[in-house]
Amino acid sequence: MYNIALIPGDGIGPEIIREGKKVIEAASKIFSIDINWIEYPFGAEHYLKTGELLPDSALKEIKDMDAIYFGAVGDPRVKPGILEKGILLKARFYFDQYINLRPIKLYKGITCPLKGKKIEDINFYVVRENTEDFYIGVGGRFKARINQDHLEVLRKLYKAKIQVDFNLEQKEEIAYQIGLISRPGTQRVIKYAFELAKKKNLKRVTSVDKANVLTDIYGLWREVFKDVSTQYPDIKTEFNFVDAITMYFIQKPEWFKVVVTPNMFGDIITDLGAMIQGGLGIAVGGNINPEGVSMFEPIHGSAPDIAEKNIANPIATILAGAMMLDYLGEIKAAQAIENAVEKVLSEGKVRSHDLGGNSYTIEVGDEVVRKLREINIK
Ligand code: NAD
Ligand code: IPM
Ligand code: MN
């Protein structure tokens with residue numbers, strides 16, 4: 001039996017998680033998998049009522065579970081960053097989910113916005129570092145004074161105490177944010193990218209950075225990439241600056257196999273990646289700690305503009321569920337869900353609004369379940 005923490009969150013989160021759970025339960029019946037869901041209320045509503053984000057008591061409970069299935073957080077009533085940092089990033093850091101695996105795959109039946117590109121042209125992995133970089137939450141803002149901040153980054157790999165001194169001689173306001181990467185933190189994510197390439201028999205790993213400007217942190221990133229790559233002589237390597245890679249994603253997506261990137265650039269380039277695979281409604285992310293509790297989610301947000309209208313596309317969340325089952329070792333069930341999704345998308349009879357159709361969220365979930373049963377129960 002698997003114990004799975006369920007955090008639907010805000011906006012379209014509950015709508016899409018409902019469909020994802022429905023599909024996982026249907027697959028569980030077919031493949032005799034036993035799942036115990038433990039649902040948590042964390043998100044905007046809970047925060048506004050109680051002031052609580054993601055409490056340590058819940059984190060301690062989840063520590064003994066098998067995985068987390070996550071919808072999305074973010075709400076116009078709450079200042080940007082509170083829910084995102086207090087819930088999503090807190091979970092990523094607490095469980096040391098140092099890999100954010102984001103496959104970019106164009107499915108049959110989806111219109112690619114790039115002219116002339118076929119399904120075989122868009123099929124690669126982005127491996128995003130998920131615990132460091134400008135995401136560590138170290139920064140401040142102030143004006144017209146001497147300011148001394150004592151800040152910390154507490155990680156499984158290291159503890160960094162940071163002290164910054166500003167002596168402002170003028171009135172103007174200042175804000176700063178520190179980016180930090182570590183050698184071991186970089187080594188483990190780059191190694192994961194090469195191991196993934198090896199496992200999938202992919203012959204190129206591309207590193208993303210901005211080492212021409214942010215020379216310290218991405219200088220270290222490059223050095224580590226070079227070091228790690230020497231252990232994989234059969235795999236070709238290259239460096240791309242982040243600005244250039246956005247251009248290449250559009251111009252020659254077929255070139256890419258495995259792309260490994262620091263945290264913030266990974267966030268940005270995977271929304272672009274999502275668009276070339278048909279939109280945010282399709283794109284999946286796994287926050288993975290190979291030795292700990294991992295968390296699976298769509299890469300999109302809470303989409304407040306379409307919340308509670310039953311028009312959100314649940315496919316990304318359903319595919320995140322498949323990724324979770326695969327990670328748990330339920331490979332047949334995972335594959336079956338992906339096959340069912342592929343069938344629904346390629347037939348195109350039931351299609352959500354973002355993909356140019358007029359089907360409702362629930363109808364898409366139901367259709368995936370129908371196909372799942374049709375393919376697997378003869
Ligand atoms: P978003 O991803 O929520 O939405 C961007 C656009 O894509 C919107 O027009 C939305 O309607 C559309 N969209 C997203 N998912 C869709 C789906 N499944 N089906 C159909 N259309 C979909 O990004 P945003 O608008 O920049 O952010 C909204 C909120 O979500 C913010 O509070 C942000 O911080 C938060 N956010 C959370 C996560 C997360 O929890 N993982 C990720 C990104 C953004
Ligand atoms: C994502 C999101 C998050 C990120 C935010 C909401 C913290 O944009 O998962 O891509 O930046 O990682
Ligand atoms: Mn993002």
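Just so you know, ligand 1 is whichever comes first in the structure, and atom 1 is the first atom listed for that ligand.
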Which atoms from ligand 1 have a heavy atom of [X] less than 4.0 Å away?
{"X": "Leu88", "result": "39 (C), 40 (O), 41 (N)"}
{"X": "Pro304", "result": "28 (C)"}
{"X": "Gly74", "result": "32 (O)"}
{"X": "Leu280", "result": "2 (O), 5 (C), 7 (O)"}
{"X": "Glu297", "result": "41 (N)"}
{"X": "Ala72", "result": "40 (O)"}

Self-check item: Side chain, backbone, both or neither: Arg128 near ligand 2, heavy atoms under 4.0 Å
Solution: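 Near ligand 2, Arg128 shows its side chain, while the N, CA, C and O stay back.
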
Quiz prompt | ligand 2 contact on Arg102 by region, counting heavy-atom pairs under 4.0 Å | solution =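 The answer is the side chain of Arg102.
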
Which residue and non-hydrogen atom of the protein lie closest to [atom], and at what distance in Å?
{"atom": "atom 19 (N) of ligand 1", "value": "Asn313 N, 2.9 Å"}
{"atom": "atom 6 (C) of ligand 2", "value": "Glu84 CG, 3.6 Å"}
{"atom": "atom 8 (O) of ligand 2", "value": "Asp267 OD1, 3.2 Å"}
{"atom": "atom 22 (C) of ligand 1", "value": "Ile306 CD1, 4.0 Å"}
{"atom": "atom 32 (O) of ligand 1", "value": "Glu84 OE2, 3.0 Å"}
{"atom": "atom 5 (C) of ligand 2", "value": "Leu88 CD2, 4.1 Å"}

Quiz item: Under 4.0 Å from atom 27 (O) of ligand 1, do we find at least one protein heavy atom?
Solution: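 When distances to the protein are checked, atom 27 (O) of ligand 1 has no heavy atom within 4.0 Å.
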
Quiz item: So, for atom 24 (P) of ligand 1, does the protein have a heavy atom nearer than 4.0 Å?
Solution: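 Within 4.0 Å of atom 24 (P) of ligand 1, no protein heavy atoms are found.
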
Quiz prompt | Mutual orientation of the aromatic rings belonging to Phe142 and Tyr176 [parallel < 30°, tilted 30-60°, perpendicular > 60°] | solution =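 Aromatic pair Phe142/Tyr176 classed perpendicular.
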
Quiz item: CD1/Ile62 to CD1/Ile68 distance, rounded to the nearest 0.5 angstrom?
Solution: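 Here the rounded value is 5.0 Å.
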
Exercise. Nearest 0.5 Å please: distance from the OG1 atom of Thr361 over to the CD atom of Glu19.
Key: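 It is 6.5 Å, given to the nearest 0.5 Å.
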
Exercise. Salt-bridge test for Lys199 and Glu195: reply yes if a basic N is under 4.0 Å from a carboxylate O, no otherwise.
Key: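 Result for this pair is no, no salt bridge flagged.
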
Quiz item: Within 45° of the ring axis of Tyr135 and under 6.0 Å from its six-membered ring centre, is that where the NZ or CZ of Arg128 lies?
Solution: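 Satisfied, under 6.0 Å and within 45°.
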
Practice problem: Identify whether NZ of Lys or CZ of Arg in Lys191 sits under 6.0 Å from the centre of the six-membered ring of Phe194 and within 45° of that ring's axis. | Solution: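 No; the conditions do not both hold, so Lys191 does not lie above the ring face of Phe194.
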
Search all heavy atoms of [X] against all heavy atoms of [Y] and return the closest pair with its distance.
{"X": "Glu39", "Y": "Pro8", "result": "OE2-CG, 3.5 Å"}
{"X": "Tyr40", "Y": "Ala5", "result": "CE1-CB, 3.9 Å"}
{"X": "Pro253", "Y": "Ile276", "result": "CB-CD1, 4.0 Å"}

Quiz item: Hey, does His300 come in under 3.5 Å of ligand 1, counting only N/O atoms on both sides?
Solution: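 Yes, at least one N or O pair falls under 3.5 Å.
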
Quiz item: Under 3.5 Å between some N or O of ligand 1 and some N or O of Val73?
Solution: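 Between Val73 and ligand 1, an N or O pair is found under 3.5 Å apart.
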
Quiz item: Of the listed options (Glu297, Lys85, Arg92), which comes nearest to atom 12 (O) of ligand 2 when hydrogens are ignored and any heavy atom counts?
Solution: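 Comparing heavy atoms across Glu297, Lys85, Arg92, the nearest one to atom 12 (O) of ligand 2 lies in Arg92.
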
Self-check item: Proximity winner for atom 29 (C) of ligand 1, if only heavy atoms of Ser302, Ala303, Gly301 are counted
Solution: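 Of the listed residues, Ser302 has the closest heavy atom.
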
Practice problem: Tell me which part of His353 gets within contact of ligand 1: side chain, backbone, both or neither, using heavy atoms under 4.0 Å. | Solution: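 It is neither; nothing of His353 touches ligand 1.
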
Quiz item: Counting heavy atoms only, which part of Asp305 comes closer than 4.0 Å to ligand 1: side chain, backbone, both or neither?
Solution: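 Answer for Asp305: side chain.
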
Quiz item: Would Ser229 and Gln231 count as having a side-chain donor-acceptor pair, cut-off 3.5 Å?
Solution: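 No, no side-chain donor-acceptor pair sits under 3.5 Å.
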
Exercise. Using only heavy-atom distances, determine whether the side chains of Trp221 and Glu132 contain a donor-acceptor pair under 3.5 Å.
Key: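 No - no donor-acceptor pair under 3.5 Å links their side chains.
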
Practice problem: State whether the side chain of Asn376 and the backbone N or O of Arg373 hold a donor-acceptor pair below 3.5 Å, judged by distance alone. | Solution: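 Absent.
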
Do you reckon [X] sits in the same ILVMFWY cluster as [Y], going by side-chain contacts under 4.5 Å, direct or chained?
{"X": "Phe70", "Y": "Ile12", "result": "no"}
{"X": "Ile119", "Y": "Met275", "result": "no"}
{"X": "Ile16", "Y": "Ile87", "result": "no"}

Quiz item: Which atoms of ligand 2 are found less than 4.0 Å from any heavy atom of Tyr135?
Solution: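 Counting from 1, the qualifying ligand atoms are 4 (C), 11 (O), 12 (O).
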
Practice problem: Using only N, O or S atoms, tell me which atom of Asp267 is closest to the Mn ion (ligand 3). | Solution: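 This turns out to be OD1.
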
Quiz prompt | ring pair (Phe, Tyr, Trp, His ring centres under 6.0 Å) assessment of Tyr98 paired with Phe93 | solution = CA-CA 8 Å; Tyr98 61 88; Phe93 299 164; over 10 Å; no

Test item, [X] contacting ligand 1 (heavy atom, 4.0 angstrom):
{"X": "Ala312", "value": "yes"}
{"X": "Ile299", "value": "yes"}
{"X": "Ile16", "value": "no"}

Self-check item: Any His300 heavy atom less than 4.0 Å to ligand 2
Solution: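 Outside the 4.0 Å threshold, so no.
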
